[in-house]
Visitor: 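Before I ask anything, here is the structure I am working with.
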There are 2 protein chains.
Amino acid sequence: MKKRPSTITDIARALNIAASTVSRALHDSPSISNETKQAVIKMAKQMDYQPNMLAVSLLSKRTKTIGVIVPEITSYFFSTVISGVQDMVNEAGYKLVICQSNESFEEEQKLIETLALNRVDGFLISPASKTMKFSHLERLRTSGIPVVVFDRDCPGFEADRVLVDDFDGAFQAVEYLIKTGCRRIAHIAGPKNLTTCQHRMDGYAKALQKHHLSVEEDLIERVEGFTSEDGEEATKLLLNLHSPPDAIFAINDAVAIGAMAIIRERGLRIPEDISIVGFDDEPYSKYFHPSLTSVWQPVYELGMLSSKILMNHLSSEIDNPHYRYELLKPELIIRKSSKDL
Amino acid sequence: MKKRPSTITDIARALNIAASTVSRALHDSPSISNETKQAVIKMAKQMDYQPNMLAVSLLSKRTKTIGVIVPEITSYFFSTVISGVQDMVNEAGYKLVICQSNESFEEEQKLIETLALNRVDGFLISPASKTMKFSHLERLRTSGIPVVVFDRDCPGFEADRVLVDDFDGAFQAVEYLIKTGCRRIAHIAGPKNLTTCQHRMDGYAKALQKHHLSVEEDLIERVEGFTSEDGEEATKLLLNLHSPPDAIFAINDAVAIGAMAIIRERGLRIPEDISIVGFDDEPYSKYFHPSLTSVWQPVYELGMLSSKILMNHLSSEIDNPHYRYELLKPELIIRKSSKDL
DNA sequence: CTGTTAGCGCTTTCAA
DNA sequence: TTGAAAGCGCTAACAG
């Protein structure tokens, strides 16, 4: 019962014409009689013909497929980026192959290789936190497969990049905390290797510096993951300091939520005793109690823009001479986990 | 500079041997001299040869790719299912093409068609809420492409199904509310068309009935989406009743969170005045205030099991005579948004 | 052990 | 307007 799908040759045979004629009829080529064309179309329908895209791709050398590699799919940030990408490329008839690296360099490397073997036309990549060398991406350039890097930069690897101004986001957040009277502002930082985290750290430091506050090592805790549990652990350490912070700027909302839980557990008030600011502005963040002040990022736009740039490469025959660098602006959303001005 | 990737023929030419010999060498076939084999391998490396999977797939009629179609990727539920699928199929060397239907029948139909044209080996599908007929899935069966339906059932379409016992989950939740003294238990229900929502509704009704409480139409609000905003709207209506509920069983956690926000806004206490129970047990749910009582589902396992069943089909030559039906058990996680026993 | 041939399904010359 | 032939990159059957 698993019958072989019908091919263009089957149609040709059934109609006693050449396969090439069938092909022409199906693509309404100019040089075809209306008569045969109709006959072919009718027969194609009758035989439930479906073109085999593998054969088409093999011939055309284009699969109309884009490989998307993200550290994880289960986060609001990346899944929303993907939505943006999806909406952008759908109209152009591109498919998406979405893969997660689980923050592992090896998996990322393997995924890229597999997708390249399967001849995706281009890549959209946000590198894993463990990725420190980019030879695997360099190879793609050598093979002439365009790559757009998004959100997380790859220092030393030249490519189109669409990033968020994490420095500015962090700066806005921390400066706001300072203006509302906080003086001992802690930072729960993310993996050292990620440019996003580095830039947020830099923004944090810069804001302190601008307002003549010193950057104290004690007040900086680093987490390796991005979960609320990580946030809990870091916050415990911060609260145990002989002189605990009066504000925490967390690397993201999930971590901030964990921090809030511990702070409440210790009987401290938010924001009276400790202010909290997160990063990402996840959909849930406004529903926490108190609602979470957070740095919003143009996530959907990030996906749209990255894929638009990639598709420009794909549709233009010539190799672009220079790489684009786009920096999207985040915005501080003030809620109740921080004090009023 | 966009140089053509080297092929098996290139290697053959360079070594002055036949393409088939190269192929054999690269697959360490038994009938090949170690000498030529080494030479081929060396040359392949030197020329940076990468097999073209399109050609391989065209020949073998298998792409080692599975199409995954979910309503949306940006939800904890589906993205976690996908993680489970990913982890399961990776070992078997299968790739995933992940697509979202955005709850639209038309998009779902189109996605299935496109993936079929691209010859995915099998499908993992959770249908859109708007999908009411399954002719597009029926077609897949006709073409002999195996399909496993997960989470949301397709009534009238025979296939392997891996579902969660939503009836039982809802029953547990509502019975618990009754046992803690609630008597006017409202239900914020989801789209009528979804079997998951129907079953939760049935479980709700059955629990009431078992404890001799009547099912009141007034106490049932239906939402079309699954967002917190939907939950807010529904809750406003419920609280405006002349005799408002003393508990709300929400179709999922996001809706429950919206409900909590409105309840607090009205100055009512949770759970003293109104108990709340959600469904999904999202990672954040325990961090809300009060922490949310919710029905946990074995989401990751759902992904693992569904893909395992699919892969069984793919590896066995014979058409399986009967379809499997798996029902996974959910579990009520009791927290602080409901009263103690 | 190796080469030749054929063919997967399709498109695109080149003739007719 | 149509057909025949070649070939995309690869594998497998058959000779030798």
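Keep in mind that this is a model prediction, so the values were computed, not measured. Letters A, B, ... mirror the listed sequences (proteins, then strands); counts begin at 1. Worth knowing before you read on, the calculation uses all heavy atoms, side chains too, and leaves out hydrogens, waters and symmetry mates.
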Visitor: Would you please name every residue forming a ring pair (Phe, Tyr, Trp, His ring centres under 6.0 Å) with A/Y300, sequence neighbours left out?
Guide: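 Testing A/Y300 for ring pair (Phe, Tyr, Trp, His ring centres under 6.0 Å), a comparison that skips the adjacent residues, returns none.
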Visitor: Just how far, in rounded Å, is C1' of C/dA16 from CD1 of A/I17?
Guide: 17 Å
Visitor: Taking only side-chain N and O atoms of A/S33, does any of them lie within less than 4.0 angstrom of OP1 or OP2 on D/dT2?
Guide: yes
Visitor: How would you label the contact of B/S60 with the nucleic acid (heavy atoms, under 4.0 Å): base, sugar-phosphate, or nothing?
Guide: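 Nothing, no nucleic acid heavy atom in range.
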Visitor: Nearest to the side chain of B/L58, which nucleotide is it out of C/dG9, C/dT4, D/dG3?
Guide: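 Taking heavy atoms from C-beta onward, the closest nucleotide is C/dG9.
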Visitor: By nearest atom, which of the nucleotides C/dG9, D/dG9, C/dC1 is closest to the A/A55 side chain?
Guide: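 Output: C/dG9.
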Visitor: Do the side-chain N or O atoms of A/K37 get closer than 4.0 angstrom to the phosphate oxygens (OP1, OP2) of D/dT1?
Guide: no
Visitor: What heavy-atom pair brings A/T63 and A/N118 nearest, and what distance separates the two atoms?
Guide: CG2-O, 3.9 Å
Visitor: Could you tell me whether the phosphate oxygens of C/dC8, OP1 or OP2, come under 4.0 Å of any side-chain nitrogen or oxygen in A/T7?
Guide: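 Answer no for this pair, as no side-chain N or O of A/T7 is under 4.0 Å from OP1 or OP2.
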Visitor: Without decimals, in angstroms, what is the distance between B/L59 CG and C/dA6 C1'?
Guide: 11 Å
Visitor: Enter the distance from A/E103:CD to A/E108:CD here, rounded to the nearest 0.5 Å.
Guide: 9.0 Å
Visitor: Rounded off to whole Å, could you give me the CG-to-P distance for the B/N52 and D/dG7 pair?
Guide: 18 Å
Visitor: Does B/E35 or B/R119 map to a spot on DNA chain C nearer the 5' end, using the closest nucleotide for each?
Guide: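 In this pair, the answer is B/E35.
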Visitor: Round to a whole Å and report the spacing from CZ of A/R24 to C1' of C/dA15.
Guide: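 Checked: the CZ to C1' distance equals 11 Å.
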Visitor: Between A/S20 and D/dT2, is there a contact of a side-chain N or O with OP1 or OP2 at under 4.0 Å?
Guide: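 No.
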Visitor: When we call it a touch if two heavy atoms are under 4.0 Å apart, what does B/I32 touch: a base, just sugar-phosphate, or nothing?
Guide: sugar-phosphate
Visitor: Side chain of A/T21 only, heavy atoms from C-beta on: which candidate in D/dT2, C/dG3, C/dG9 is closest?
Guide: D/dT2
Visitor: Please pick, from C/dT12, D/dC10, C/dC1, the nucleotide with the shortest atom-to-atom distance to any side-chain atom of B/V56.
Guide: D/dC10
Visitor: Roughly how far apart are A/I66 CD1 and A/L310 CG, rounded to 0.5 Å?
Guide: 4.5 Å
Visitor: Would you mind classifying the nucleic acid contact of A/L54 as base, sugar-phosphate or nothing, using non-hydrogen atoms under 4.0 angstrom?
Guide: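 Since no nucleic acid heavy atom lies under 4.0 Å of A/L54, the category is nothing.
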Visitor: Of the options D/dG9, C/dT11, C/dT2, whose atoms approach the side-chain atoms of A/H27 most closely?
Guide: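 Minimum distance to the A/H27 side chain belongs to C/dT11.
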Visitor: Whole-Å distance between D/dT2 C1' and A/I8 CD1?
Guide: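 After rounding, the gap between these two atoms is 15 Å.
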Visitor: Ignoring the backbone of A/S23, work out which of D/dC10, C/dT2, C/dT12 is nearest its side chain.
Guide: C/dT12
Visitor: Please give, in whole Å, the distance from D/dG9 P to A/L117 CG?
Guide: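 So the two atoms are 15 Å apart, to the nearest Å.
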Visitor: I want to verify a distance call: between D/dG9, C/dG9, D/dG3, whose nearest atom is closest to the A/K61 side chain?
Guide: D/dG9
Visitor: Within a 6.0 Å radius of atom CE on A/M132, are there more than 12 heavy atoms belonging to other residues, nucleotides or ligands?
Guide: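 No, not enclosed.
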Visitor: Rounded to whole Å, how long is the line connecting atom CG of A/N16 with atom P of D/dT2?
Guide: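 So the CG-P distance, A/N16 to D/dT2, works out to 14 Å.
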Visitor: Give the nucleotide from the list D/dG7, D/dT11, D/dG3 with an atom nearest to the side chain of B/A19.
Guide: D/dT11
Visitor: To the nearest angstrom, how far is B/R62 atom CZ from D/dT11 atom C1'?
Guide: 14 Å
Visitor: Between D/dA12, D/dC10, C/dC10, spot the one nearest the side chain of A/P51, thanks.
Guide: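 From the listed options, C/dC10 comes nearest.
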Visitor: Of the listed nucleotides (D/dT1, C/dC8, D/dG3), which one gets closest to any side-chain atom of A/S31?
Guide: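 So the side chain of A/S31 is nearest to D/dT1.
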Visitor: State whether B/E138 and B/R141 are salt-bridged, where the test is any N-O pair (Lys NZ or Arg NE/NH1/NH2 against Asp/Glu carboxylate O) under 4.0 Å.
Guide: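 Here B/E138 pairs with B/R141 in a salt bridge, since their nearest N and O are under 4.0 Å apart.
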